[in-house]
Amino acid sequence: MATQRNTVQGPHQGQPVRTAGGPLDQAKAAMLMVHGRGARAEDILSLADELAQPGFAYLAPQAAENTWYPNRFTAPISSNEPWLSSALAFVGDVFNQIREAGILPERIMLLGFSQGACLTLEFAARNARPYGGLVGLSGALIGPDDTPRNYKGSLEGTPVFLGCSDVDFHVPKERVQQTAEVFRRLGGEVTERLYPNMDHTINQDEIDFVRGMMRTLVASS
């Protein structure tokens with residue numbers, strides 16, 4: 001399934017893409033990493049040192065004004081435009097950049113934290129296909145509770161990891177559970193972990209699980 005070349009023009013188009021790890025044209029796999037609200041690409045790239053998985057190239061797009069969209073992820077989708085469409089298009093452009101370097105979609109992992117997790121998960125749902133892995137840390141699909149989730153395509157067994165606090169102020173656990181069910185319907189192999197009384201952060205168990213996903217992906221090459 002081909003990913004369409006984006007023609008969207010908005011606040012994020014023309015923003016930089018930061019990199020870490022090995023050269024993209026020599027990597028066995030790649031991870032597209034999406035930062036949270038108020039953060040920067042360099043912040044999410046710092047996870048690469050903790051994940052410490054050889055063979056990966058890491059790419060992280062930088063949001064305009066450090067924010068992917070202005071309102072909460074549960075707000076009406078129209079209230080987050082044109083920022084949201086611009087952000088989804090930017091993620092798609094970086095995904096295409098990785099593909100054009102010769103890395104198959106099945107060897108590309110998508111990871112996001114907080115607002116970046118919401119964006120990553122929404123991109124993957126709207127562009128359902130086999131990926132190397134999907135990781136949403138403290139995030140869920142975008143839109144109000146009653147948003148139709150009739151996404152097309154199939155993840156065809158893509159491993160999906162969703163980790164979040166069970167009392168996260170920004171992300172209700174019910175939305176994480178709903179997101180897990182949507183990705184199961186899309187054919188993902190979903191692991192969902194809700195951590196008791198955790199802050200809005202990334203914990204060691206999540207890092208260890210993602211590292212295992214990466215190790216499995218590289219070993220399959």
Side-chain angles (χ1 to χ4, degrees), residues 6 8-21 31-51 58-95 97 109-126 134-145 147 161-176 178-179 193-195 197-207 209-210:
N6 293 306
V8 172
Q9 292 299 317
H12 303 299
Q13 275 58 58
Q15 285 288 108
V17 178
R18 307 302 184 194
T19 62
M31 180 177 284
L32 199 170
M33 311 178 80
V34 187
H35 67 77
R37 186 193 299 269
R40 297 188 59 80
E42 290 84 356
D43 299 321
I44 195 75
L45 278 178
S46 68
L47 271 181
D49 292 333
E50 297 188 62
L51 294 170
Y58 304 87
L59 290 85
Q62 171 62 52
E65 301 178 20
N66 301 340
T67 299
W68 293 111
Y69 46 86
N71 298 311
R72 293 194 66 183
F73 81 99
T74 54
I77 289 177
S78 61
S79 73
N80 277 315
E81 296 293 7
W83 289 74
L84 177 56
S85 290
S86 174
L88 290 165
F90 191 13
V91 172
D93 287 340
V94 179
F95 182 80
Q97 178 185 342
M109 291 182 66
L110 308 178
L111 176 148
F113 171 67
S114 191
Q115 191 185 61
C118 298
L119 183 63
T120 297
L121 294 169
E122 189 67 29
F123 174 84
R126 294 189 186 195
L134 303 176
V135 180
L137 304 175
S138 301
L141 288 166
I142 294 172
D145 289 346
T147 301
F161 179 74
L162 303 175
C164 191
S165 169
D166 66 346
V167 292
D168 194 301
F169 175 78
H170 301 287
V171 186
K173 68 178 182 180
E174 293 79 11
R175 291 299 299 268
V176 179
Q178 178 197 58
T179 297
R193 293 187 180 176
L194 293 171
Y195 300 94
N197 300 311
M198 186 175 79
D199 292 332
H200 188 70
T201 188
I202 300 171
N203 67 23
Q204 189 61 47
D205 183 71
E206 292 172 313
I207 291 170
F209 193 94
V210 174

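The residues of the chain are indexed from 1 along the displayed sequence. Please read these numbers as outputs of a predicted model, since none were measured by experiment.
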Just to verify, what does [X] make a side chain to side chain donor-acceptor pair (under 3.5 Å) with, not counting sequence neighbours?
{"X": "R126", "answer": "E122"}
{"X": "Q204", "answer": "D208"}
{"X": "Q15", "answer": "none"}
{"X": "E65", "answer": "none"}

Would you please name every residue forming a ring pair (Phe, Tyr, Trp, His ring centres under 6.0 Å) with [X], sequence neighbours left out?
{"X": "H35", "result": "W68"}
{"X": "Y195", "result": "none"}
{"X": "F113", "result": "H200"}

ask   = What pairs of residues pass the salt bridge (charged side-chain N to carboxylate O under 4.0 Å, His left out) test when at least one of them lies in residues 38-51, not counting sequence neighbours?
value = R18-E42, R40-E42
ask   = Would you say the side-chain atoms of D168 pair up with the backbone N or O of D199, donor to acceptor, closer than 3.5 Å?
value = no
Residues two or more places apart in sequence or in another chain: which of them pass side-chain contact (heavy atoms from CB on, under 4.5 Å) with [X]?
{"X": "T147", "value": "I77, P144, R149"}
{"X": "N80", "value": "Y69, P70, N71, A75, L84"}
{"X": "T19", "value": "L59"}

Contacts of type salt bridge (Lys or Arg N to Asp or Glu O under 4.0 Å), residue D205, not counting sequence neighbours = R193
